[in-house]
Peer 1: 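Here it is, the structure in full.
Throughout, numbering of the chain's residues begins at 1 and tracks the sequence. Keep in mind it's a predicted model, so treat the numbers as computed, not measured.
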Amino acid sequence: MHTAALLDTEGIDVASFTPLVTEVLTEMVGFLPELAREIDEAVYPPDLGPLRTQAALMGDLIENREARGVDAQGLRHVQPLMNRRVASGHGEDGFSSLIEEIRRDHDYQRPAGGVNVQAPRCANPPQPAGRRGRCDRPCSSREGARCA
């Protein structure tokens with residue numbers, strides 16, 4: 001369900017909801033420099049609580065959203081990342097530590113010195129699954145132009 005439809009269902013007009021959304025988004029934008037610092041330094045404080053706690057609550061949050069007719073697809077994508085991070089012993093880290101799971105999924109490597117680089121990719125532009133570009137190996141459908 002889209003936000004406007006949900007607001008209608010709850011009897012809230014969009015105009016009165018807009019200042020709240022504006023405030024939340026402003027706070028989120030203000031948090032981006034801190035998030036970037038955490039990621040660059042690979043230090044993930046549990047500012048919103050430990051990831052293990054957030055992961056334990058995620059199923060209930062998804063269920064609650066879906067029971068109210070609110071799309072929870074984004075949360076469904078985040079849930080396995082959280083579970084993997086906790087299972088790998090990082091349950092005391094903060095939410096920002098999920099970047100490490102995303103990096104692992106996309107073969108990012110962090111060299112000594114902390115500069116983030118991506119694993120080598122083909123020099124060709126993205127190709128449909130199974131098509132060959134300038135690489136002598138087919139590119140995978142999951143990773144676009146990345147050599148399989």
Peer 1: So, taking the atom named CZ in Arg103 and the one named CG in Leu98, what distance separates them when rounded to the nearest 0.5 Å?
Peer 2: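 Going from the CZ atom of Arg103 to the CG atom of Leu98 covers 12.0 Å.
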Peer 1: Rounded to the nearest 0.5 Å, what separation is found between the CG atom of Leu75 and the CD atom of Glu63?
Peer 2: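 It comes to 13.0 Å.
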Peer 1: Hey, are Glu100 and Arg104 close enough for a salt bridge, meaning a charged N less than 4.0 Å from a carboxylate O?
Peer 2: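 Answer for the salt bridge query: no.
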Peer 1: Pick one: which of Asp93, Val43, Asp47, Ile99 meets side chain to side chain contact (heavy atoms under 4.5 Å, CB included) with Glu38?
Peer 2: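 One option only clears the test, and that one is Asp47.
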Peer 1: So, applying side chain to side chain contact (heavy atoms under 4.5 Å, CB included) with Arg52, which one of His90, Met82, Glu92, Arg85 is it?
Peer 2: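 With Arg52 as partner, side chain to side chain contact (heavy atoms under 4.5 Å, CB included) holds for just one option, Glu92.
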Peer 1: Name each donor-acceptor pair under 3.5 Å that joins a side chain in residues 17-27 to protein atoms two or more places apart or in another chain, with its distance.
Peer 2:
| from | atom 1 | to | atom 2 | distance (Å) |
| --- | --- | --- | --- | --- |
| Thr18 | OG1 | Val14 | O | 2.8 |
| Thr22 | OG1 | Thr18 | O | 2.9 |
| Thr26 | OG1 | Thr22 | O | 2.7 |

Peer 1: With sequence neighbours left out, write down each residue that passes salt bridge (charged side-chain N to carboxylate O under 4.0 Å, His left out) with Arg84, or none if nothing qualifies.
Peer 2: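 With neighbours one apart ignored, the set is Glu101, Asp105.
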Peer 1: Indicate the atoms forming the closest heavy-atom contact of Pro50 with Gly91, along with that distance.
Peer 2: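 Taking Pro50 first and Gly91 second, the nearest heavy atoms are CB-O, 3.4 Å.
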Peer 1: Has the side chain of Glu66 got a donor or acceptor atom that lies under 3.5 Å from a matching backbone atom of Ala72?
Peer 2: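 The answer is no, because no donor-acceptor pair under 3.5 Å joins these two groups.
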Peer 1: Just how far is it from atom CD1 of Ile39 to atom OG of Ser96, taken to the nearest 0.5 Å?
Peer 2: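 Reported value, rounded in 0.5 Å steps: 6.0 Å.
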Peer 1: Are Ile102 and Met58 in one and the same hydrophobic cluster, where Ile, Leu, Val, Met, Phe, Trp and Tyr link if side-chain heavy atoms are under 4.5 Å apart?
Peer 2: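 Yes, same cluster.
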Peer 1: Would a single hydrophobic cluster contain both Leu57 and Leu81, if residues Ile, Leu, Val, Met, Phe, Trp and Tyr are joined by side-chain heavy-atom contacts under 4.5 Å?
Peer 2: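 Hydrophobic grouping puts Leu81 apart from Leu57.
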Peer 1: Are Leu48 and Leu35 in one and the same hydrophobic cluster, where Ile, Leu, Val, Met, Phe, Trp and Tyr link if side-chain heavy atoms are under 4.5 Å apart?
Peer 2: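 No, it is not one cluster - the side chains of Leu48 and Leu35 are not joined through contacts under 4.5 Å.
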Peer 1: What is the minimum heavy-atom distance between Asn83 and Ala55, and which atoms define it?
Peer 2: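 That would be OD1-CB, 3.9 Å.
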